[in-house]
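Report on one structure; see the data block that follows.
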Amino acid sequence: MSLTVALSKGKLLQGTEALWRRAGLAFPEAEGRKLVVAMDGLRFLFVKDQDVPTYVEYGVADCGVAGRDVLLEAGSDVYEPLDLGFGRCRLVVARPAGSGLEYRRAASLRVATKYPRIASGHFLGRGVSAEIVKLSGSVEIAPGLGLADCIVDVVETGRTLVENGLEPVEDVAHSTARFIVNRASYHAQREAVSRLLATLQKAVA
Ligand code: PRP
């Protein structure tokens, strides 16, 4: 039986395609806008980053590729058998550069983020009561516009922080792309899943 694989249309797509090709597997051409593509015994679903764990957890996809950041935020019940090594980034708390903001001492703290679950856990763990403002993107503009005192967001090159007048103050988590598998598929489709997993494992840089 063929496997359905949920992949991100976002930043992880390039690394995923490179991995697939290194592994000698066919991969749909980038120009296409078809979001469900069957090819060489696999069916690919191209979805938003945050939705990959959902498709896998609900069993619509047998497996997928998702960032650890997205997996931590989703808290999905899926197997995570392989670190794919690419998509390396970190989640940080960042504040306006030069502000000297010490959030542990702030009387009140508002935090803008795409990662409300991770952010509230982080501040709770430090005994800080923070109001979390959920955004869908462009989080770095929130402090400058008065929406938040600081942010929790992903940093890859650090360029977005710098260009928007922010500086990192604390690491929250580190992330890379992970191969994830639906729990039922892991058993019901053991042979196909193991074969794909072994093929990808050999190609991990
Ligand atoms: C991500 C992240 C940062 C940026 C970090 O945003 O949320 O904004 O990339 O990358 P850098 O450290 O290399 O500058 P994304 O591009 O996914 O867009 P978004 O703001 O719309 O979420």
Side-chain angles (χ1 to χ4, degrees), residues 5-20 27-28 30-33 35 44-56 61 64-76 78 80 83-99 101 103 109-125 130-180 205:
V5 187
L7 299 179
S8 154
K9 292 189 296 180
K11 281 189 166 175
L12 294 184
L13 183 58
Q14 219 184 341
T16 305
E17 178 171 0
L19 171 74
W20 238 255
F27 198 85
E31 308 90 61
R33 284 296 296 159
L35 302 176
F44 297 90
L45 313 182
F46 292 97
V47 300
K48 285 268 193 194
D49 296 13
Q50 320 83 275
D51 295 336
V52 170
T54 310
Y55 280 95
V56 175
V65 173
R68 179 168 184 256
D69 56 335
V70 167
L71 292 167
L72 287 174
E73 180 62 27
S76 305
V78 294
E80 197 188 303
D83 185 342
L84 299 172
F86 64 89
R88 195 170 292 279
C89 59
R90 57 199 179 111
L91 271 166
V92 303
V93 179
R95 68 184 176 196
S99 67
L101 171 74
Y103 73 74
L109 187 73
R110 208 148 65 181
V111 183
T113 187
K114 290 189 284 192
Y115 301 88
R117 179 189 168 107
I118 297 174
S120 35
H122 181 75
F123 290 108
L124 204 64
E131 181 187 347
I132 307 292
V133 181
K134 164 88 167 73
L135 294 175
S136 305
S138 302
V139 175
E140 291 85 352
I141 66 173
L145 297 172
L147 181 60
D149 303 297
C150 61
I151 67 168
V152 169
D153 200 18
V154 161
V155 175
E156 205 177 324
T157 62
R159 190 170 164 195
T160 314
L161 282 190
V162 170
E163 291 197 9
N164 290 283
L166 301 178
E167 63 186 8
V169 282
E170 186 177 35
D171 281 2
V172 174
H174 288 253
S175 179
T176 47
R178 307 294 165 98
F179 184 70
I180 58 172

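FYI, side chains are in, hydrogens and waters are out, and symmetry mates aren't considered; it's all heavy atoms of this structure. Atoms within a ligand are numbered from 1 in the order they appear, just like the ligands themselves. Just so we're clear, the structure is a prediction, and the values are computed from it rather than from any experiment.
In the displayed structure, E80 atom CD is contacted under 6.0 Å by more than 12 heavy atoms of other residues, nucleotides or ligands. Taking a 6.0 Å sphere around NZ of K48, one finds it holds 12 or fewer heavy atoms contributed by other residues, nucleotides or ligands.
An N or O contact shorter than 3.5 Å links G158 to ligand 1 by distance.
Between the side chains of Y115 and D69, at least one donor N or O lies within less than 3.5 Å of an accepting N or O.
Atom 5 (C) of ligand 1 has V154 O, 3.4 Å as its closest protein atom, hydrogens excluded (heavy atom only). In this structure, atom 22 (O) of ligand 1 lies nearest to the protein heavy atom K114 NZ, 2.4 Å.
Proximity of a side-chain donor or acceptor of E73 to a complementary backbone N or O of I118 within less than 3.5 Å is detected. Looking only at distances, a side-chain donor or acceptor of T157 sits under 3.5 Å from a matching main-chain atom of R159.
L147 and R110 get closest at one heavy-atom pair: O-NE, 3.0 Å. Contact between A130 and V111 at its shortest, heavy atoms only, is CB-CG2, 4.0 Å.
In the vicinity of G137, heavy-atom distances shorter than 4.0 Å reach the ligand 1 atoms 19 (P), 20 (O), 21 (O), 22 (O). Interface atoms of ligand 1 facing V155, defined by a heavy-atom separation under 4.0 Å, are 12 (O). Counting atoms of ligand 1 from 1 in the listed order, those under 4.0 Å from a heavy atom of S138 are 19 (P), 20 (O), 21 (O). Using a 4.0 Å cut-off to heavy atoms of T157, the atoms of ligand 1 that qualify are 11 (P), 12 (O), 13 (O), 14 (O). Taking every non-hydrogen atom of T160 and a distance limit under 4.0 Å, the qualifying atoms of ligand 1 come out as 4 (C), 5 (C), 8 (O), 10 (O), 11 (P), 14 (O). The contact set between ligand 1 and R159, taken as ligand atoms under 4.0 Å from a residue heavy atom, comprises 12 (O), 14 (O). Atoms of ligand 1 lying under 4.0 Å from at least one heavy atom of E140, given by number and element, are 3 (C), 8 (O). Against a heavy-atom cut-off of under 4.0 Å, K11 is close to the following atoms of ligand 1: 1 (C), 4 (C), 5 (C), 9 (O), 10 (O), 16 (O).
Listed by first then second residue, pairs satisfying side chain to side chain donor-acceptor pair (under 3.5 Å) with a partner in residues 88-98 read R90-D171, R95-E167, not counting sequence neighbours.
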